[in-house]
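Report on the structure given below.
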Amino acid sequence: MSLLRLDDVSRSVPLPDGTVLHILTGVNLHVAAGEHIAVVGRSGSGKSTLLNLMGLLDSPTTGTYLLDGQPVEGLGQRRLSRLRGATFGFVFQQFNLLPGRTATENVASPLLYGSAREFWNRKRIAQDMLERVGLGHRLDTMPEKLSGGEQQRVALARSLVRRPRVLLADEPTGALDVDTGTAVMDVLEELVREDGTTLVTITHDLSVAARADRQFRLDHGVLTQVGATQVPALTASRGGA
Amino acid sequence: MTSVVAALTEAWSEIRVHKVRVVLALVGVFLAVFAMTTITAVGNMGRQMLGESFERSAGRPATLRLDLHPNGMPSKESTARAERAVAAAIDRYDVRWHTTNGQAQFPFRFPDGAAMVDTTIVDPSYGTIHRTLPTAGRWFTPADAEGFAPRLVVNAAMAERLGGFDPARPMTVVLGGDTPVRATVIGVAETPWGGQMPAAFMLADAAERWSPLDPQFSGTPATELWVPSHDAEALSASLQQELSAALPGFSVGVGRSDGGDDLGILDAVLDYGVRGVGIFALVLGGIGVLNVGLVTVRQRIREIGVRRSFGATSTRVFVAVLLESVCATAAAGALAVALSVALVENFPLEMVLPPGLTLTDVPRFPFSAALEGFLAATAIGALAGVVPAAMAVRAKVIDAIRY
């Protein structure tokens, strides 16, 4: 059974001039537990919208989204928020670390919304997680004192600290140089492999996309699976969605 | 329970991170609470000062004064009848605190010559009823009525004229009259009406024994009863009725001599004026907090979006932003109250009290004022936090995160 299953999902929004913008059209996507997929596409092709839908931050206009076999349609906002916190981890291109908090405090911040055990042990759990990403020596360092690679590793630790079943990574190496990006992806893949976490990566970096089990291309809201050899054809379509 | 602690932890973390902004936003609230609690406490002391000053002359609430005057010329017999009727009434109503309160002039022989001295004729309970606090020596006890010589409590002017009171050395003064007697001064206390002229207190029993008053000149001394305030009105009416019945041919006056439990305009100023100004200042402070809160929420939209991605519910976001405001203003309120308590409790009262006036019951910092200040600060934080909290909830998570 698929962990994430989108059947004929579309997302459209009305525009001020009365027309309707179709962002996603007839998307079918099945992702198994522990799988790693990558989605590539031009800027404005709907990649971020797809990630938002999968992460329960947005709802499809039509179609069905099953999470672990259960439809998410009709769930209340409160239930969706809790489900999101318990199921998904997010990695952002710009890291989005909370300013003014140490690395430990940043990693511990999702645990404020977790179980009682997670909350009361948040510091220890966060420090263990930072040790796993190789930042055990930077526990009390503020984000602005960290390098880009270190900041993204803190963000990785934060996204995985509640042991989510799915990690949604939006351009995880987009703000990093090639070597640092590769190192971050190595850490990311090692962590998700150890925990059996499903990884969905949106990326413009073809080498990053090539590391996935399956690659998908999103073009004008239409999602199609491509083979690893077809990924280089996207070289000319870099840009954010 | 955990979610409440977690929400508080989150709010406190925000305050800690944004402490400069928070401190600046809270200056108004801090000053308002500090001013409100301090003025209330100081006003309370002023009220006590005025109250005690008034009670020294008129008695504590509730003091009933019984004035019994024969319609004809006062005589020893009429005075005795009145005293018997009053004593019976005191026994009947089981009044514990009661005193004679009469005025007379007695001749005293000072080292520099004899002089008539205004003397207040009292019972030992007078000291309690009128908050008469000796500045040296002691006040009367019932045993003083049985002494071999009359005992006196004199005012500072009289003590000074007698050479200065020294508790270690007996001070005496000759009470002149048909049969002079040497009286012993046992203490120094301010007389109700103060002044620079010598004045004294003497027990009624001693005055009767050593220098009997002629009712034709001194009249019938009044009697004062210190009774519970809630009983005063009913007791006054009953005494009026019963004494009038028991003393035909007397003019009977029964009424409160004290100012009551409230001090009229002062209480009104404290209750409405200070609180009104305090609330006005608090509202201004709250607007400052609200303003900073609104700006901050706009700046923190991305952070709020990130927290939503962690699984924060809209309720949790609302409560967290609201609690930031509440925790901050509560902390400011607590600090303001603490500073106010420290200031008021250590204030050198003697520097502001009129010369010769001491407070027998120095009021502690009123707990109600401290609580009011703290609660008002917390409430203004809640009010000022609602709008930013609502804005935070309305923020679109997708826009906030901006992949």
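Naming: A, B, ... by sequence-line order, numbering from 1 per chain. Heavy atoms only: backbone and side chains are in, while hydrogens, waters and symmetry mates are out.
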Engaged part of Thr9(B) at the chain A interface, taking heavy atoms whose separation is under 4.5 Å: side chain
Atom group of Leu98(A) that falls short of 4.5 Å from chain B, counting heavy atoms: side chain
Parallel, tilted or perpendicular: ring planes of Phe90(A) versus Phe92(A), cut at 30 and 60 degrees: parallel
Residue pair Glu73(A) / Tyr65(A), side-chain heavy-atom distance below 4.5 Å: no
Options Arg162(A), Arg82(A), Glu105(A), ranked by heavy-atom pairs under 4.5 Å with chain B, top entry: Glu105(A)
Side chain / backbone / both / neither for Arg79(A) at chain B, heavy atoms under 4.5 Å: neither
Best-contacting candidate, Arg101(A), Arg84(A), Arg78(A), Gln77(A), against chain B by heavy atom pairs under 4.5 angstrom: Arg101(A)
Largest heavy-atom contact set with chain B, pairs under 4.5 Å, which of Leu111(A), Leu56(A), Leu112(A): Leu112(A)
Min side-chain heavy-atom separation Arg117(A)-Ile125(A) under 4.5 Å: yes
Check: Ile37(A) and Phe216(A) side chains under 4.5 Å, non-hydrogen atoms: yes
Note, Leu83(A) side chain near Phe88(A) side chain (heavy atom, < 4.5 Å): no
